[in-house]
Amino acid sequence: MAPAQKPRVRFAPSPTGYLHVGGARTALFNWLFARHEGGALLLRIEDTDVERNRPELVDGILEGLKWLGIEWDEGPFFQSQRLDLYRAAAERLFASGAAFACYCKPAAYAGADAAPDEAEEGEGDDEGPKTQKKVACPCRDLSDAERATRETSGVPRAIRFRVARAGTTKFEDAVFGPREVQNEEIEDFVLLRSSGLPTYQLSVVVDDIDMRITHVIRGADHLSNTPKQVLLYQALGAAPPIFAHVPLILGPDRTRLSKRHGATSVGSYAEEGFLPEAFRNFLALLGWSPGDDSEFLRTSELVERFSLSGVSRTNAVFDRPKLEWFNTQYLQKPPVEELLPYVEAELKRAGLWEGSQASRDRAWFAHVVDLIRSRTRLLGDFTSWARAFFTDDFDYDAEAREKFWKDERLAAMIEKLAAALAALPDWNHDACDAALRALATAEGVKAGLLINATRVAIVGRAVAPPLFETMTVLGKDRVVGRLRRALPVLSSR
RNA sequence: GGCGCUAUGGUGCAACGGUUAGCACGCGGCCCUUUCAAGGCUGAAAUACGGGUUCGAUUCCCGUUAGCGCUACCA
C-alpha cells in the first residue's frame, strides 16, 4: 500500500479588507480539515490586484486568525513575490498555443451598469440585443501578420486562455457533487493582464499546483469559476485537486454579509468580548453539522468530528443571538481556570487589575469569576455591571436605587446591619444570613427588603449573585464599609 | 439577460422512501428564587408551489417561484 499523501490545504485571503466572518469560517473549515486529517494548512496572501490591494491590512488578517486560534503550518506566502512563476506559466501556455495574445482594450464596466438599466426601463421590444453576449475575443484567431502589426505598434497585450469551443469540462466537488459545464459557456478568460500581473484564475492554479494543494476548500462564490481552473490544470499538465465549496454566510436580510450588517470583522467580535472558542463553535455550525444534534462542541471535538461530508449546500444566515448564546455557554461551562486569562485581560483593559485583590489572590479571583460568570454574556460584563467585585470605585445604578432603596426606614436599618455585621466573629455565608434575618425580624420587616437594599449598597446594582455569597467573597471590611458609605445616600431620600 | 447553485418553524441544523417531522437559538408560560442569570418543565412555530415516480414522499424526477452566486485585464 502506498502511503496516502497527507492532505494539504490553504487559506488564501486577499488583503482588500479585514478578515470577515465568511473568510474566518473558510479558514476555520480548512484548519479543522487539516487537523482532522493530520494534514497541513498553508496561508497565502493573494495580493495580485495592485489597485485594490492594501498591504497594511495583512497584519489585521493574521491577527484575526491568531485570535481564532487558527495556526498555519506554512507561509504566509505572498503572490506579489511570486510573479515570475505566473509569467512563466503564462508564457508556457502561450508558447504551446493554449493561450493567445489579446490586444483589445479592457472592457468598460461602466457600461455594464448602463446597459441593464436600459433593458429594464425601455419596456420595449427593441430589436437590438443590448445584452452583451459572450462574444469571442477577435484576437483569438489573429494571423501572425496581424499580430506582428499590433506588436510593433505597441498596443498593450494581455494573455487569454484559449477555451475549447466544444466539449465539456467536469470536476468533482466534495460538497456539491459531480459538476459538468459546457465549454461554450466559458469565455476566453484573461491569464495575464497587460500590466504583466496575473489574474486570480492563473495565480491560484499555479500556486495550488506549486504548493501541492490536495483539497481546495473555499467559498461557493468560486464554484462557477472552477471549470476555468480545471481547464488550466489540464493545460498545465497537472491533476486538479479535490474541490470543496462551502455555502456562503448571509446577513439577517439574506444578502451577502457586508459592512452594513454591522460588525463583520472578527476583530470587532474580539473587542466586543466574545471568546474565541465560542466564536469558533458558532462558526463551525454555519454550513456544517456533525450529523446529529450536538451543538456545544469544544474545539477538540470539532477537530475530531469535522468532515467535508457534513458540509451543507445551503447558504446560512449569521444569527447574532445564537452567537451570544454560545458565548454564555463558554463563559459558564468550562473550568473557571480557562476563563481567568480572558477576564484578567479585560480587567487590565479597564484599569482594574493593578493592585486589586484579583491580581494578588488567584483563588479568590477564580471564586469571584465563578460566582459571576453564569450571569455574563460578554467579557465586558465583568467590568461593567460586575465592576464592584474588583474595585471600590463604583456608583449606584439609578434603577436599582429606585427599585430597592425607596423605603425611608432603610437608612436606620442599614446602619444597624452594618454594626451587627461588624461585630460578627466569623465571616461566612450563614453568619451573614443569620445576622441579616435577625435584624429583619427585630425590625418587623421582610428579609427581602434588607437583602435587596444591601445588594445595591455593596455592588451598586440590582443584579448580582446571591447576596450572602457575594458578601462572603467581598469580605467583612468591604461590606461594612460599603454599607456605611451608602448611608448618606439612603438618608437623603 | 445567460449559466449555475439552493429551498425543513423567524434563525442554525437533524430526519439520507415509512418518525406523532427531532434538536438548538430566539419568543411565550410554569417551576426554582432575596435581585439577575443559570437550570428544569412546557407552548406557539416548518417540509415554498404545482406536477409526476412509488404501496408510500421532507427525501427521487420535472416545472414554477424565490434567494444567492458567477458572467472583470476583482479575488
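These numbers were taken from a predicted model, which means no experiment stands behind them. Letters A, B, ... mirror the listed sequences (proteins, then strands); counts begin at 1.
Using a 4.5 Å heavy-atom cutoff, the side chains of A/Leu483 and A/Leu417 are in contact. Taking 4.5 Å as the limit, some side-chain heavy atom of A/Glu151 sits within range of a side-chain heavy atom of A/Tyr103.
Under 3.5 Å, the side chains of A/Glu277 and A/Thr299 contain a donor-acceptor pair of N or O atoms.
Seen from the ring of A/Phe404, A/Arg401 does not count as a face-on cation partner, given the 6.0 Å and 45° thresholds.
Nucleic acid contact for A/Gln329: sugar-phosphate only, since backbone atoms but no base atoms lie under 4.0 Å from a heavy atom of the residue.
Summarising the geometry, the separation between CG on A/Asp292 and P on B/rG22 is reported as 16 Å, rounded to the nearest angstrom. Between the CD atom of A/Glu295 and the C1' atom of B/rU11 there is a distance of 11 Å, given to the nearest Å. The CG-C1' distance, from A/Asp49 to B/rC73, rounds to 10 Å in whole Å.
Dashed line: the shortest gap from a side-chain N or O of A/Arg313 to OP1 or OP2 of B/rC68 is not under 4.0 Å. One finds a side-chain N or O of A/Thr48 lying less than 4.0 angstrom from the OP1 or OP2 phosphate oxygen of B/rA75. Checking the phosphate oxygens (OP1, OP2) of B/rA7, no side-chain nitrogen or oxygen of A/Arg254 falls inside 4.0 Å.
For the pair A/Gln332 and A/Thr314, both in contact range of RNA chain B, the more 5′-proximal nearest nucleotide belongs to A/Thr314.
Comparing B/rC68 with B/rC61, their P atoms sit 24 Å apart, to the nearest whole Å.
Base pairing in RNA chain B yields stems of at least 3 consecutive Watson-Crick or G-U pairs, both distances under 3.5 Å, namely B:1-7 with B:65-71, B:10-13 with B:22-25, B:27-31 with B:39-43, B:48-52 with B:60-64.
Between A/Asp381 and A/Arg375 there is no salt bridge, since no side-chain N of the basic residue sits under 4.0 Å from a carboxylate O of the acidic one.
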